[in-house]
Amino acid sequence: AQSVAQPEDQVNVAEGNPLTVKCTYSVSGNPYLFWYVQYPNRGLQFLLKYITGDNLVKGSYGFEAEFNKSQTSFHLKKPSALVSDSALYFCAVRDFNQAGTALIFGKGTTLSVSS
Amino acid sequence: DTEVTQTPKHLVMGMTNKKSLKCEQHMGHRAMYWYKQKAKKPPELMFVYSYEKLSINESVPSRFSPECPNSSLLNLHLHALQPEDSALYLCASSQDSAYSRGGTEAFFGQGTRLTVV
């Protein structure tokens with residue numbers, strides 16, 4: 001089965017500084033990778049995905065992610081953090097098996113941006 | 001319209017009650033999903049429907065019963081729940097069917113906050 005790991009429970013960054021939220025993957029074949037954000041008591045919002053092509057993927061709200069095959073990583077980045085970016089971030093992988101496919105999520109990383 | 005609508009937003013039910021959660025999407029998506037999420041934890045897959053047929057059941061207890069009446073609607077019927085079933089229940093949909101090898105993203109509803117007393 002495919003899986004993703006988020007090694008950090010929490011990331012703290014000052015407003016205006018660059019941020020990185022880490023994700024590593026374990027898949028057989030080519031990975032389909034996603035980032036989602038969740039604000040308190042809300043559903044998940046899609047940020048960006050990597051399917052194929054350029055290793056640098058640009059997404060919503062100024063976020064981008066870099067796919068690195070040799071390091072099996074898909075880190076989320078933003079050049080300048082905003083206080084409003086504070087939220088719970090999930091990396092996900094599309095898992096394929098005989099029964100079908102669905103998104104499988106990492107444990108999540110809480111991003112806290114201080115003013 | 002990239003919206004998945006879930007009702008109700010909040011639900012409190014007793015352990016002997018029967019209730020239903022409803023999910024609706026009008027994007028023509030071929031797959032619909034139910035996830036369960038505990039506080040500060042990742043969503044856990046419960047069920048997947050493709051073309052209105054159940055394709056994945058992640059060993060969910062029978063007190064949770066999904067139903068897909070048509071391509072736009074997904075229900076989750078609840079009966080004899082336990083307090084540990086209290087959670088945020090998320091519905092999602094994606095353009096690709098669950099049998100496809102495509103890479104489309106899933107769109108999530110805002111969830112139903114369920115409390116079992």
**Portion of B:Glu44 that has a non-hydrogen atom of chain A nearer than 4.5 angstrom** = neither

**Request:** Spell out, yes or no, whether B:Leu78 and B:Met15 are grouped together once hydrophobic residues are joined by side-chain heavy atoms under 4.5 Å, including indirect joins.
**Result:** yes

**Prompt:** Heavy-atom distance under 4.5 Å to chain B: side chain of A:Gln38, backbone, both or neither?
**Reply:** side chain

**Asked** Taking everything shown except A:Asn30 itself, do over 12 heavy atoms lie less than 6.0 Å from its CG?
**Response** no

**Item:** B:Asn70 atom CG, over 12 foreign heavy atoms within 6.0 Å
**Value:** yes

**Item:** Heavy-atom closest pair, residues A:Tyr36 and B:Glu105
**Value:** OH-CB, 3.7 Å

**Prompt:** Contact part of A:Leu103 toward chain B, heavy-atom cut-off under 4.5 Å: side chain, backbone, both or neither?
**Reply:** both

**Prompt:** What option among A:Thr52, A:Thr110, A:Leu44, A:Asp9 has the most heavy-atom pairs under 4.5 Å with chain B?
**Reply:** A:Leu44

**Prompt:** Taking a hydrophobic cluster as the set of Ile, Leu, Val, Met, Phe, Trp and Tyr residues connected by side-chain heavy atoms closer than 4.5 Å, whether directly or through intermediates, do A:Leu47 and A:Val57 fall within one such cluster?
**Reply:** yes

**Minimum-distance pair of heavy atoms, taken over all atoms of B:Pro42 and A:Lys107** = CD-O, 3.7 Å

**Prompt:** Would a hydrophobic clustering, with Ile, Leu, Val, Met, Phe, Trp and Tyr connected at side-chain separations under 4.5 Å, put A:Leu48 with A:Phe34?
**Reply:** no

**Message:** Around atom NZ of B:Lys40, are there more than 12 heavy atoms from other residues, nucleotides or ligands closer than 6.0 Å?
**Reply:** no

**Message:** Please determine whether residues A:Tyr50 and A:Tyr61 belong to a single hydrophobic cluster, defined as Ile, Leu, Val, Met, Phe, Trp and Tyr linked transitively by side-chain heavy-atom distances below 4.5 Å.
**Reply:** yes

**Asked** Shortest non-hydrogen contact from B:Val48 to A:Ala102?
**Response** CG2-CB, 4.0 Å

**Message:** Heavy-atom pairs under 4.5 Å with chain A - which of B:Ala39, B:Cys91, B:Pro43, B:Gly109 has more of them than the others?
**Reply:** B:Pro43

**Request:** Taking all heavy atoms of B:Lys41 and all of A:Phe90, pick out the closest pair and write down the distance.
**Result:** O-CZ, 3.5 Å

**Request:** Please work out whether the ring planes of A:Phe46 and B:Phe107 are parallel, tilted or perpendicular, with thresholds of 30° and 60°.
**Result:** tilted

**hydrophobic_cluster_shared for A:Phe67 and A:Tyr32, side chain cutoff 4.5 Å** = no

**Prompt:** Where does A:Asn41 contact chain B at under 4.5 Å (heavy atoms): side chain, backbone, both or neither?
**Reply:** both

**Complete:** Note: A:Lys49 and B:Thr104 closest approach over all heavy atoms is NZ-CA, 3.8 Å

